[in-house]
4 protein chains.
Amino acid sequence: MARGNTRQRIQDVALELFAEQGYEKTSLREIAERLDVTKAALYYHFKTKEDILIGLFHDLTRPMDELIEWAKAQPRSLETRQEVLRRYQAALLDAAPLFRFMQENQATVRELSVGLTFKERMIELTGLVKEPDFAMVDQVRCISAIFTLHAGAFFMQNVEGDPEDKQDAVLEVALDLLAQAHDA
Amino acid sequence: MARGNTRQRIQDVALELFAEQGYEKTSLREIAERLDVTKAALYYHFKTKEDILIGLFHDLTRPMDELIEWAKAQPRSLETRQEVLRRYQAALLDAAPLFRFMQENQATVRELSVGLTFKERMIELTGLVKEPDFAMVDQVRCISAIFTLHAGAFFMQNVEGDPEDKQDAVLEVALDLLAQAHDA
Amino acid sequence: MARGNTRQRIQDVALELFAEQGYEKTSLREIAERLDVTKAALYYHFKTKEDILIGLFHDLTRPMDELIEWAKAQPRSLETRQEVLRRYQAALLDAAPLFRFMQENQATVRELSVGLTFKERMIELTGLVKEPDFAMVDQVRCISAIFTLHAGAFFMQNVEGDPEDKQDAVLEVALDLLAQAHDA
Amino acid sequence: MARGNTRQRIQDVALELFAEQGYEKTSLREIAERLDVTKAALYYHFKTKEDILIGLFHDLTRPMDELIEWAKAQPRSLETRQEVLRRYQAALLDAAPLFRFMQENQATVRELSVGLTFKERMIELTGLVKEPDFAMVDQVRCISAIFTLHAGAFFMQNVEGDPEDKQDAVLEVALDLLAQAHDA
DNA sequence: CATGAATGAGGGTTCATTCAT
DNA sequence: AATGAATGAACCCTCATTCAT
């Protein structure tokens, strides 16, 4: 039967259940049952339950980290920042369930024994699209641009309209905020 | 000793612990110990653990519901919407720990058997500050205004600056987004 | 309001609930709620939960004990024994719920720290309607006469027919068994 | 050590304790301790405490159901009915502790979410040894025959005499009652 | 690769009971 | 005669985890 890919299947099912019910309320029994294997089988692939979560966490943060690293290597210009927003939106949409899960389970994820937290990465990211000596209003605009992308990925599904149109509009507003901040 | 206020004290300690570690990872034993009473005492005041959470949830949503009701009774004008933002920001800052907790434990709160969910209230709220026939960009601006206030309450503590200045700036950006949307 | 009779009301409600759900599964909370008083109030009238049960037990065994005592004072004749059956049937029907409860909760009642057990009384009673030197078949007939009365009180409700007719028939069969035993 | 038979051992110990103290008063801790395993081990074999009871209940009712089914397939004759009594007595003696337990814990067993109740089976069984158009006295005789067997299994241990003799006498009385009913 | 069987720790909950008022 | 508040013990149950096979 399906071989070798078990590790991935576990992660997939885990994400699905974690996202639906939260990490703590999802038991390994549930995951195992949905995969039609025994709990013990999970332990062949992951040392602990937290390990499954950490795996997911890394899948999520890798693109963020890459984006951050890339941005750091670029000139601190408006153009770079525009590109950061574009790429961040793409990442967000690409891994929406993962992002959503991390947002909705921050309380859990915060305690994870794993390098930088999600929030720390957000701080880094926002730091990259603004200058500390900007006027406060403009700093807020830059941060708002990032959160607009978040809203776009997680909240805009509640608004009528063509998905692509919506994401275009979201990006436009975000870029606009950025531009306003840099105009001042 | 201190009597009569036990119910409130339970809720206070619970919020503190829920916020810190998440709802599921906080045990009633912990709450009881911190209050120096037995677990059973908690059950005299709340029928179930979830009931404590529901109590907190209501404390949070009451101001939101009042705001929503108030807004519904006003003319759908820019002025009303500006006032909504002002009041929402005030509510947000007033009950920051509660709001933060609800955001960070959405997975848990979502399943709560309690009237409208947090998200449903957000939808109502955003619906009140925009018109469905706005251009998509402008709808996004209005939603972004709300999320800017959120960012202001939860994320801006990571930015240097005088708290009051920061909140002023946050409100300004939010109002600005609203105005842009209504200018179009 | 209703005063003085609270003790009785507690016993009534308790019997009702004990009979319906069993003693162990009935909590004092339930009893108190159904009476619209607090649990603590029950403790004014009964020292413990078991005390309520003991009260009920005595209400049940008093008629049995009286019957046993009466029979002991009579000549060990067929006539006496016929009268025992008649009186036992009357007692059975009079306190049917109580008897039924005792039968259905023997496991609980057995441990009661209270003089003779229900079973011991049954042994006494059967001892009174037979002679130890009867042939075994006849001893069985006498015991069977008693159990016929039980069946009459608790099981015959499942048989079609006029209640009075049924009880008459039951007594007739019981008396008949007794007579057969004494004829031999 | 002894493996594979754990499930059976749990059921054995459970019956012993349930019979001795009643179902509700027997805790899983007790069962586990007597088996020298942990409580959790019980849950590997039974989904719930009630499940253990249901297991026992089925062990008890299986022979009854088989007997009922068999009887239904036979002609409604006196001979069949005699055989029913014989087989029922055998079943009763075979599974005496189980029967005794069910009788003494009817209050508990009644609520069991499990097909037919014990009482319903008794109704079926008595229905099989009599005709609805018998005179009432004769219907009672047939029912009494069944209850005589019960008395034989549970109460006759309190009577002096050789066990086998006693059971023979019991069956004789039961058969006699049946015959009298059919003679009329 | 995976299972069957089991464990230890802890969870939420309920209970009978107490006692100051 | 009854209540409000609380307790201590026990309960059933679930969980993540282990390990021999």
Side-chain angles (χ1 to χ4, degrees), chain A residues 1-7 10 24-32 35-52, chain B residues 1-7 10 24-32 35-52, chain C residues 1-7 10 24-32 35-52, chain D residues 1-7 10 24-32 35-52:
Chain A
M1 337 258 143
R3 41 170 232 302
N5 61 341
T6 303
R7 199 192 146 90
I10 292 173
E24 331 268 0
K25 267 176 67 179
T26 302
S27 70
L28 293 185
R29 182 179 49 68
E30 253 178 307
I31 298 177
L35 284 166
D36 207 41
V37 294
T38 48
K39 264 186 298 172
L42 303 183
Y43 280 87
Y44 181 83
H45 297 281
F46 293 91
K47 244 181 31 224
T48 73
K49 183 188 181 188
E50 202 180 297
D51 254 34
I52 302 181
Chain B
M1 338 242 139
R3 45 173 219 303
N5 59 341
T6 304
R7 200 190 143 90
I10 292 173
E24 333 267 1
K25 269 176 64 179
T26 302
S27 73
L28 293 185
R29 184 179 48 68
E30 258 177 302
I31 299 179
L35 285 167
D36 206 41
V37 293
T38 47
K39 267 190 294 171
L42 304 183
Y43 278 88
Y44 181 78
H45 296 281
F46 294 90
K47 254 194 5 244
T48 150
K49 185 187 180 189
E50 200 181 300
D51 250 38
I52 302 181
Chain C
M1 338 253 143
R3 42 169 230 304
N5 60 343
T6 304
R7 199 191 145 90
I10 292 173
E24 331 269 1
K25 267 176 67 178
T26 303
S27 71
L28 294 186
R29 182 178 49 67
E30 254 177 307
I31 298 177
L35 285 166
D36 208 41
V37 294
T38 47
K39 263 185 298 173
L42 304 183
Y43 279 88
Y44 181 84
H45 297 281
F46 293 91
K47 244 180 36 222
T48 73
K49 184 188 180 188
E50 201 181 298
D51 255 33
I52 302 181
Chain D
M1 334 245 141
R3 44 171 222 302
N5 60 339
T6 304
R7 201 192 144 91
I10 292 173
E24 333 268 0
K25 270 176 62 179
T26 303
S27 73
L28 294 184
R29 183 178 47 69
E30 257 177 304
I31 299 179
L35 285 166
D36 206 41
V37 295
T38 47
K39 266 187 296 170
L42 305 184
Y43 279 91
Y44 180 77
H45 296 280
F46 294 90
K47 254 193 5 241
T48 149
K49 184 187 180 188
E50 200 181 299
D51 250 38
I52 302 182

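The model shown is predicted, which means the values in this text are computed figures rather than measured ones.
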Just the rounded figure in Å: distance from P of E/dG12 to CD1 of B/Ile31. 8 Å
Select from D/Ala41 and C/Lys25 the residue whose nearest nucleotide in DNA chain E is closer to the 5' end of that strand. D/Ala41
What pattern of brackets, bars and dots sums up DNA chain F from 5' to 3', given Watson-Crick or G-U wobble pairs under 3.5 Å, [ ] for crossing pairs and | for another strand? .||||||||||||||||||||
Going from OG1 on A/Thr6 to CG on A/Leu35, what distance comes out if it is rounded to the nearest 0.5 angstrom? 8.5 Å
Under 3.5 Å: donor-acceptor pair, side chain of C/Lys49, backbone of C/Thr26: yes
Grab the CG-P distance between B/Asp36 and F/dA5 for me, whole Å please. 18 Å
Expressed in angstrom and rounded to an integer, what is the separation of B/Tyr44 atom OH from E/dC15 atom C1'? 16 Å
So, is A/Thr6 close to the E/dC1 phosphate, meaning a side-chain N or O under 4.0 Å from OP1 or OP2? no
In whole angstroms, the gap separating C1' of E/dA5 from CZ of A/Arg29 amounts to 17 Å
Between F/dA6 atom C1' and B/Ile10 atom CD1, what is the distance in whole Å? 11 Å
A/Glu24 to B/Lys25 - nearest heavy-atom pair and separation: OE2-CD, 3.0 Å
Rounded off to whole Å, could you give me the CG-to-P distance for the D/Leu35 and E/dA5 pair? 15 Å
Nearest heavy-atom neighbours spanning A/Thr48 and A/Tyr43: CA-CE2, 4.3 Å
Which heavy atom of D/Ala32 sits nearest a heavy atom of D/Thr38, and at what distance? CB-C, 3.8 Å
Return no unless some side-chain N or O of D/Ser27 is found under 4.0 Å from OP1 or OP2 of F/dC11. yes
Can you name the residues that form a side-chain contact (heavy atoms from CB on, under 4.5 Å) with A/Phe46, not counting sequence neighbours? A/Arg7, A/Ile10, A/Gln11, A/Asp51, A/Ile52
Assign each of C/Glu30 and D/His45 the nucleotide of DNA chain E bearing its closest heavy atom; nearer the 5' end lies the nucleotide of D/His45
Measure the distance from CD1 on D/Ile52 to C1' on F/dC13 and round it to the nearest whole Å. 12 Å
Scan nucleotides 17-21 of chain F against the protein and return all N/O pairs shorter than 3.5 Å with their distances rounded to 0.1 Å.
unit_1: F/dT17; atom_1: OP2; unit_2: A/Tyr43; atom_2: OH; d: 2.9
unit_1: F/dT17; atom_1: OP2; unit_2: A/Lys49; atom_2: N; d: 2.7
unit_1: F/dT17; atom_1: O5'; unit_2: A/Tyr43; atom_2: OH; d: 3.2
unit_1: F/dT17; atom_1: O4; unit_2: A/Lys39; atom_2: NZ; d: 3.3

For D/Glu24 and E/dC15, give me the distance from atom CD to atom C1', rounded to whole Å. 13 Å
